[in-house]
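Written below as structure tokens is the structure these notes are about.
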Amino acid sequence: MTPEQGTLEDPDVVVIGGGVVGLFCAQQLRRRGAGVTVLERGALGGSQSCSSGNTGFVGTHGAAPLAAPDMLALAEPGATDPDSPWYIEPREDAGLARWLGHFRQACSAEAAAHGFRVLIGMKRRGLAILRELCAAEDMAALLESPGIVLAFKTATGFDEAARSVARTVAGGVPLRVLGPGELDELAPKTTFDIHGALYNPEGAYLHVPEFLLEFGRVLREAGVEIREHTDVTDFEIRDRNIVRLSTTRGELRPGAVVIAAGAWSTECARMAGTDLVLQPIQGHSLTMGLPPSAPGLPVLLSEAKVAMVPLGDRLRIGGQLALTGMNREVSEHRLEALRRAVHEFLPELEETPILERWSGLRPCTPDSLPLIGPAGDLRNLLVAAGHGHIGMGLAPAGGELIAQLLAGEQPFTDPIPLRPNRFRIA
Ligand SMILES: Cc1cc2nc3c(=O)[nH]c(=O)nc-3n(C[C@H](O)[C@H](O)[C@H](O)COP(=O)(O)OP(=O)(O)OC[C@H]3O[C@@H](n4cnc5c(N)ncnc54)[C@H](O)[C@@H]3O)c2cc1C
């Protein structure tokens, strides 16, 4: 099976990376009859994976690319201070400079609108796949669909967002302004100190890392082999084919290889002589015991770009977009900035003990569209990476597209805007 031939003659596919993207590639390939092995350097659902400590939003909210006209002024290293929600560390890095060049190009209104259309299509498809999976596999408790509140602290922020509601609705997202009293009905125990709020009834979220662990169990039962603590260290290439993979636990000779290694996809692809335009964007989250006055549904603290999500008896708060290289170190400073934002929007929320401090690396492309499809000159290599700030929501559809490309099926979406080498031409 090769992407060029588009058949499933040799069903032996190795997926590198056991985050949400790798697992959905494995699911969709297995569904089509392929023998699939997932190789994961850590433990499934372990803290190294960006998929493990995030806020898990998978509804129709959040499909806008990060690059947008108002981000142009912020696309310079050092343009904001290090604690702000968006930060680019000044440093000598040719890869970052190249990425920023493409990011600036993607900041046009046309590019942002095109990106939104592609991403909302993938998110909708992804939500349908997730709903089917969770219903069929007794995982319904791990996918909740109570809608999402977008809270605005300032009049400027709220007015601007309210003005864009009609455009968002026209784009297929059922957003509306909450009238007086409606927020109290949605979150009766919570006191907000905000100017106004919007609501998207299609807000849904996954409980992570529990979802990853359960999904891993389901995949193993379906015949997918998942090898944890197995690091891919080298590729042997002959006649434009990967003929052997070296790992810390032996060698494999797969028919095809899918790189789904999140922020590490760049170093993985480099082993195959392929260059990906991808930057890690660090985020933080903290998980605490559920305060009595916490909202019972997800809330986005819009100006602060901080998300809050109730996870049973816990509350997770996540956010921060920091281009600081491959740095996963948890910063107390940044966690403090998250707590400050929560205090500004919900001043009466009780402090409860912090159970978990986490940071993860979002694998981000300049235009926020993932890299999905054949990469470089190799016949049996595909990439599924770059799912960025909305990878939980994009992964199911991305996995389906990878499997369709390998199986030679009609893809559910046009794969051209997602092709991994698109930045070479730009
Ligand atoms: C604070 C925060 C909040 C977020 N909130 C949301 C949200 O609400 N909704 C949403 O949709 N998205 C959200 N995201 C983004 C989302 O988490 C990511 O897009 C997604 O997890 C990326 O998944 P992935 O599988 O590509 O990468 P990962 O989950 O990082 O998986 C890649 C895996 O590959 C493994 N690997 C790497 N190299 C090798 C190798 N050589 N050999 C073997 N294994 C290897 C790694 O160990 C890793 O486990 C958030 C991110 C952050 C940081």
Side-chain angles (χ1 to χ4, degrees), residues 14-26 38-59 61-63 85 119 122-123 126-127 130 148 203-206 208-209 211-212 226-235 245-249 257-271 278 280-287 298 300 305-309 316-322 326 328 334-335 338 358-365 368 370-372 383-396 398-399:
V14 161
V15 176
I16 305 174
V20 70
V21 171
L23 295 186
F24 273 105
C25 289
V38 176
L39 304 177
E40 167 52 53
R41 128 186 318 167
L44 213 61
S47 63
Q48 82 290 346
S49 158
C50 189
S51 310
S52 68
N54 61 60
T55 39
F57 293 174
V58 291
H61 169 71
L119 293 174
M122 288 188 74
K123 285 199 101 192
L127 194 52
L130 266 174
I148 182 172
Y205 66 101
L206 290 167
V208 290
F211 171 79
L212 299 173
I226 302 177
R227 294 193 199 172
E228 297 172 79
H229 308 290
T230 306
D231 198 340
V232 176
T233 52
D234 204 5
F235 297 159
L245 280 188
S246 300
T247 82
T248 45
R249 297 197 169 193
V257 175
V258 178
I259 296 179
W264 297 269
S265 298
T266 323
E267 65 180 43
C268 236
R270 214 170 281 140
M271 287 192 264
L278 204 61
I281 302 194
Q282 191 189 24
H284 277 76
S285 75
L286 58 87
T287 308
L300 192 70
K305 293 187 170 40
V306 169
M308 299 176 69
V309 65
R316 180 165 297 154
I317 296 158
Q320 308 262 0
L321 294 145
M326 293 297 287
R328 263 205 62 232
R334 291 192 164 275
L335 290 179
L338 289 182
W358 177 82
S359 124
L361 299 177
R362 302 175 185 89
C364 292
T365 60
S368 291
L371 310 171
I372 297 180
V383 169
H387 295 60
H389 62 301
I390 48 173
M392 305 306 292
L394 297 179

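Both backbone and side-chain heavy atoms feed into the values below; hydrogens, waters and symmetry mates do not. For ligands, and for the atoms within them, numbers begin at 1 and follow the listed sequence.
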- N/O to N/O below 3.5 Å, does that happen between G318 and ligand 1? no

- Item | Protein heavy-atom partner closest to atom 23 (O) of ligand 1 - residue, atom, separation in Å | S51 OG, 3.2 Å

- Between the candidates H284, R362, E228, which shows the shortest non-hydrogen contact distance to atom 52 (C) of ligand 1? R362

- G17 heavy atoms, cut-off 4.0 Å: which ligand 1 atoms fall inside? 33 (C), 34 (O), 35 (C)

- Which residue owns the protein heavy atom closest to atom 31 (O) of ligand 1, what's the atom, and how far is it? G19 CA, 3.4 Å

- Query: Looking only at distance, does V21 have an N or O less than 3.5 Å from an N or O of ligand 1?
  - Reply: yes

- Query: Ion pair present between R41 and E267, side-chain N to carboxylate O less than 4.0 angstrom?
  - Reply: yes

- Note on the structure: The closest protein heavy-atom partner of atom 42 (N) of ligand 1 is V232 N, 3.0 Å

- Item | Close N or O approach (N54, ligand 1; < 3.5 Å) | yes

- Any idea which protein heavy atom is nearest atom 45 (C) of ligand 1, and the distance to it? R41 CB, 3.7 Å

- Any side-chain donor paired with an acceptor under 3.5 Å for R316 and T287? yes

- By number and element, which atoms of ligand 1 are closer than 4.0 Å to a non-hydrogen atom of G393? 11 (O)

- Message: As an exercise, identify every atom of ligand 1 less than 4.0 angstrom from a heavy atom of D231.
- Response: 40 (C), 41 (N), 42 (N)

- Message: Need the ligand 1 atom indices (1-based, order shown) with element for anything under 4.0 Å from a heavy-atom of I16.
- Response: 40 (C), 42 (N), 43 (C)

- Is any N or O atom of C50, backbone or side chain, closer than 3.5 Å to an N or O atom of ligand 1? yes

- Query: Counting heavy atoms only, which part of F57 comes closer than 4.0 Å to ligand 1: side chain, backbone, both or neither?
  - Reply: both

- For T230, take its heavy atoms, then give the atoms of ligand 1 lying under 4.0 Å from any of them. 42 (N), 43 (C)

- N/O of A263 under 3.5 Å from N/O of ligand 1, yes or no? no

- Applying the side-chain hydrogen bond (donor to acceptor under 3.5 Å, both in side chains) test to Q320, which of H284, R334, Q282 qualifies? R334

- Item | Atoms of ligand 1 close to L39 [distance to a heavy atom under 4.0 angstrom, numbered from 1] | 43 (C), 44 (N)

- Query: What residue and atom, counting heavy atoms only, is the protein's closest point to atom 14 (N) of ligand 1, and at what distance?
  - Reply: H389 O, 3.5 Å

- N or O pair under 3.5 Å between G283 and ligand 1: no

- Query: So, is S49 polar-close to ligand 1, with some N/O to N/O distance under 3.5 Å?
  - Reply: yes

- Within reach of ligand 1, part of A261 (heavy-atom separation under 4.0 Å): both

- Between F24 and F211, how do the two ring planes meet: parallel, tilted or perpendicular, split at 30° and 60°? parallel

- Query: Which atoms of ligand 1 sit under 4.0 Å from any heavy atom of V20?
  - Reply: 23 (O), 25 (O)

- Message: Taking only non-hydrogen atoms of A307, do any sit less than 4.0 angstrom from ligand 1?
- Response: no

- At what distance is the nearest protein heavy atom to atom 46 (C) of ligand 1, and which residue and atom is it? E40 OE2, 3.5 Å

- Of the non-hydrogen atoms in L338 and G318, which two are nearest, and what is the gap between them? CD2-C, 4.1 Å

- Query: Any idea which heavy atoms bring G45 and L212 closest together, and the distance?
  - Reply: CA-CD1, 3.8 Å

- Item | Numbering as shown, the atoms of ligand 1 that approach G360 to under 4.0 Å (heavy-atom distance) | 53 (C)

- Would V38 and R227 satisfy side-chain contact (heavy atoms from CB on, under 4.5 Å), going step by step from the backbone distance to the final call? CA-CA 6 Å; V38 176; R227 294 193 199 172; over 6 Å; no

- Hey, is ligand 1 close enough to T55 that some N/O pair sits below 3.5 Å? yes

- Task: Using distance alone, determine whether M271 and ligand 1 share an N or O pair under 3.5 Å.
- Result: no

- Among non-hydrogen protein atoms, atom 18 (C) of ligand 1 lies closest to G388 O, 3.5 Å

- Going by heavy-atom distance to atom 11 (O) of ligand 1, choose the closest among R227, R316, Q48, M392. M392

- What's the shortest distance from atom 27 (O) of ligand 1 to any protein heavy atom, and which residue and atom give it? G262 CA, 3.4 Å

